Colleague: 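What follows is a single structure, and I will ask about it in a moment.
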Amino acid sequence: MSDCLIVGGGVIGMMSARSLVLAGATVTLLDQQQCAQESSWAGGGIISPLYPWKYDSLTNELSQASQAVYGQLCAQIFEDTGLDPQYLISGLLMLDEFETPKAKAWMAQHQLNYQPHQEGALFKHIAQVRNPRLLKALKADIIGKGVTIIEQTKVEQLLVNQHQSLGVKTQQKDYLSDSVVVCSGAWSSQWLALSQEVFPIKGQMIVLKSSPNVVKHIILDQGRYIIPRKDGRILVGSSMQNVGFDRSVDEQTRQSLFDFAVKRFASLAQADIEHHWAGFRPASKSAQVLLGRHADFDNVYLNTGHFRNGLNMAPECAKRITQLMTHEH
Ligand SMILES: Cc1cc2nc3c(=O)[nH]c(=O)nc-3n(C[C@H](O)[C@H](O)[C@H](O)COP(=O)(O)OP(=O)(O)OC[C@H]3O[C@@H](n4cnc5c(N)ncnc54)[C@H](O)[C@@H]3O)c2cc1C
């Protein structure tokens with residue numbers, strides 16, 4: 001019997017596990033495959049919504065609170081595990097949208113300043129993490145802090161008694177717990193009925209092998225971005241496709257992402273595409289994160305539906321779900 005069962009081992013599940021175990025809970029985390037293989041791995045790792053004024057106030061609130069602690073959190077995880085999530089304040093150079101009336105009004109209201117740049121607006125404070133490394137470090141960190149991780153274990157349904165959950169049923173056996181936290185990303189609605197359905201929006205991305213400093217800042221233009229990693233690798237993303245759980249990648253998207261990068265940095269025409277992949281963003285029907293108690297069950301909590309912002313909102317979402325759960329028990 002666990003105080004708390006977490007279903008899903010992406011950034012949301014693992015950050016929730018970290019926060020709950022630090023608050024004194026006994027935590028078991030289940031994943032249907034290995035942790036850290038899905039959206040949180042596939043994403044770009046930009047620690048900000050792309051165009052904040054296009055998002056609701058809750059998304060921005062969760063993101064801003066997370067941005068304030070991300071650097072310190074990564075440093076702590078690095079210290080505790082020896083694995084570096086490569087948190088980097090690389091700044092973001094936005095080439096479009098920043099002069100629209102909506103953007104100007106939002107920036108004035110939030111006292112957000114940018115540095116004028118010959119090609120656009122430089123948001124110097126925006127950071128990135130190397131998300132696959134963050135996940136590797138997080139996994140080691142939570143194991144070290146006492147979280148039990150059980151992989152290759154697919155949760156099929158909640159075990160319930162009226163308005164209480166008793167735990168979950170998996171393909172192998174039942175797991176009993178005082179509470180359940182749903183962190184199953186794009187798959188959340190596949191095993192649990194939710195008032196707002198969660199569904200996948202596929203995103204394709206490529207990574208180019210280049211040299212450090214070819215690209216200095218994250219570049220954002222017309223919803224697409226170029227992310228320079230410390231070692232010279234350059235991520236280019238991403239597509240937005242509502243095609244269910246179709247994981248295939250296509251030549252047309254690969255070429256258009258490559259062309260987008262080369263149009264800005266001609267030298268990248270010589271760069272090899274090392275890898276091309278797709279991931280499933282957890283979108284929700286309400287276009288809002290599902291964060292809080294399940295409407296039908298007293299001891300089931302939701303932390304899902306983060307769509308394009310799960311990496312940047314994760315620390316504050318984990319904190320809030322922990323506060324809610326520890327105040328209620
Ligand atoms: C191409 C792309 C680029 C992105 N770029 C960014 C970015 O720059 N910044 C940003 O903030 N966000 C970005 N995102 C979004 C971000 O990746 C997601 O919002 C975030 O990863 C969601 O985290 P998660 O832990 O909920 O989901 P996931 O990482 O998908 O984890 C869910 C986990 O639940 C497990 N699971 C599902 N169902 C079950 C079950 N029944 N039983 C057991 N386990 C189960 C899965 O195996 C998986 O491990 C991007 C996403 C994509 C696809």
Side-chain angles (χ1 to χ4, degrees), residues 5-17 28-50 55 59 62-63 66-67 70 92 126-132 134-135 138-139 149-158 168-172 175 180-192 198 200-207 218 220 223-227 235-241 245 247 249 253 257 276-284 289-291 302-315 317-318:
L5 270 180
I6 294 180
V7 185
V11 72
I12 299 298
M14 291 204 282
M15 282 232 188
S16 300
T28 301
L29 184 150
L30 303 172
D31 201 290
Q32 62 187 355
Q33 46 179 334
Q34 278 193 337
C35 293
Q37 305 294 305
E38 291 294 350
S39 191
S40 307
W41 178 91
I46 302 171
I47 304 302
S48 169
L50 294 180
Y55 290 94
T59 297
L62 295 167
S63 180
S66 298
Q67 286 176 47
Y70 234 109
L92 181 147
I126 292 184
Q128 56 165 293
V129 284
R130 199 146 176 183
N131 36 307
L134 170 66
L135 296 168
L138 251 180
K139 187 175 175 186
I149 295 182
I150 302 171
E151 298 182 313
Q152 313 298 346
T153 302
K154 181 175 180 173
V155 171
E156 293 184 320
Q157 64 184 73
L158 213 53
V168 297
K169 177 180 169 53
T170 75
Q171 281 173 335
Q172 289 89 340
Y175 287 88
V180 173
V181 193
V182 181
C183 303
S184 320
W187 296 264
S188 299
S189 287
Q190 287 204 331
W191 67 273
L192 183 68
V198 176
I201 294 290
K202 178 161 103 173
Q204 294 184 47
M205 190 108 102
I206 57 172
V207 62
I218 299 166
L220 175 61
R224 293 194 157 187
Y225 46 77
I226 302 170
I227 308 172
L235 272 74
V236 191
S238 55
S239 66
M240 294 271 277
Q241 298 164 278
F245 290 99
R247 214 181 271 279
V249 292
T253 304
L257 292 173
H276 175 199
W277 66 91
F280 301 117
R281 305 175 184 94
S284 76
V289 60
L290 281 69
L291 184 66
L302 308 178
N303 193 359
T304 187
H306 301 78
F307 192 39
R308 301 192 87 172
N309 295 300
L311 286 155
N312 73 68
M313 296 195 292
C317 289

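Just so you know, ligand 1 is whichever comes first in the structure, and atom 1 is the first atom listed for that ligand. All of these numbers come straight from a predicted model, not from anything done at the bench.
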Colleague: Spell out, as yes or no, whether a donor-acceptor pair under 3.5 Å connects the side chain of Ser63 to the backbone of Thr59.
Modeller: no
Colleague: Examine Asn312 against ligand 1 and note whether any of their N/O atoms are separated by less than 3.5 Å.
Modeller: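 N/O-N/O distance under 3.5 Å: yes.
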Colleague: Check this for me - ligand 1, Lys154, N or O atoms closer than 3.5 angstrom, yes or no?
Modeller: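 No, no N or O pair falls under 3.5 Å.
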Colleague: Go through the side-chain N and O atoms of Gln172 and Gln152 and say whether any donor and acceptor fall under 3.5 Å apart.
Modeller: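 No.
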Colleague: Under a 4.0 Å heavy-atom limit, does Arg308 contact ligand 1 with its side chain, its backbone, both, or neither?
Modeller: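 For Arg308, only backbone atoms sit under 4.0 Å from ligand 1.
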Colleague: Could you tell me whether some N/O pair between Cys35 and ligand 1 is separated by less than 3.5 angstrom?
Modeller: no
Colleague: Does any N or O atom in Gln32 lie less than 3.5 angstrom from one in ligand 1, N or O only?
Modeller: yes
Colleague: Val7 versus ligand 1: do any nitrogen or oxygen atoms come within less than 3.5 Å of each other?
Modeller: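 Val7 vs ligand 1: no N/O contact under 3.5 Å.
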Colleague: List the closest protein heavy-atom neighbour of atom 5 (N) of ligand 1: residue, atom name, distance to the nearest 0.1 Å.
Modeller: Gly44 N, 2.9 Å
Colleague: Assess Pro282 for proximity to ligand 1: is some non-hydrogen atom of it under 4.0 Å away?
Modeller: yes
Colleague: Ile46 to ligand 1: N or O pair under 3.5 Å?
Modeller: yes
Colleague: Does an N or O anywhere in Gly13 fall below 3.5 Å from an N or O of ligand 1?
Modeller: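 Among all N and O atoms of Gly13, none is under 3.5 Å from an N or O of ligand 1.
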Colleague: Is the shortest N/O to N/O distance between Gln37 and ligand 1 below 3.5 Å?
Modeller: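 No.
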Colleague: Which value, rounded to the nearest 0.5 Å, describes the distance between Gln32 atom CD and Trp187 atom CH2?
Modeller: 7.0 Å
Colleague: Is Ser40 close to ligand 1, meaning an N/O of one under 3.5 Å from an N/O of the other?
Modeller: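 Yes, there is a polar N/O contact under 3.5 Å.
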Colleague: Please check whether Gly8 reaches ligand 1 - meaning an N/O of the residue sits under 3.5 Å from an N/O of the ligand, judged on distance alone.
Modeller: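 Among all N and O atoms of Gly8, none is under 3.5 Å from an N or O of ligand 1.
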Colleague: What are the atoms of ligand 1, with element, lying closer than 4.0 Å to any heavy atom of Cys183?
Modeller: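 Matching atoms, with element in brackets: 32 (C), 34 (O).
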Colleague: Residues in salt bridge (charged side-chain N to carboxylate O under 4.0 Å, His left out) with Glu156, at least two apart?
Modeller: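 Glu156 satisfies salt bridge (charged side-chain N to carboxylate O under 4.0 Å, His left out) with no residue once adjacent residues are dropped.
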Colleague: Would you kindly specify which portion of Trp277 sits under 4.0 Å from ligand 1, judged on non-hydrogen atoms: side chain, backbone, both or neither?
Modeller: neither
Colleague: Contact between Trp41 and ligand 1, counting heavy atoms under 4.0 Å?
Modeller: no
Colleague: Quick check for you: to the nearest 0.5 Å, what is the distance between Lys202 atom NZ and Met240 atom CE?
Modeller: 13.5 Å
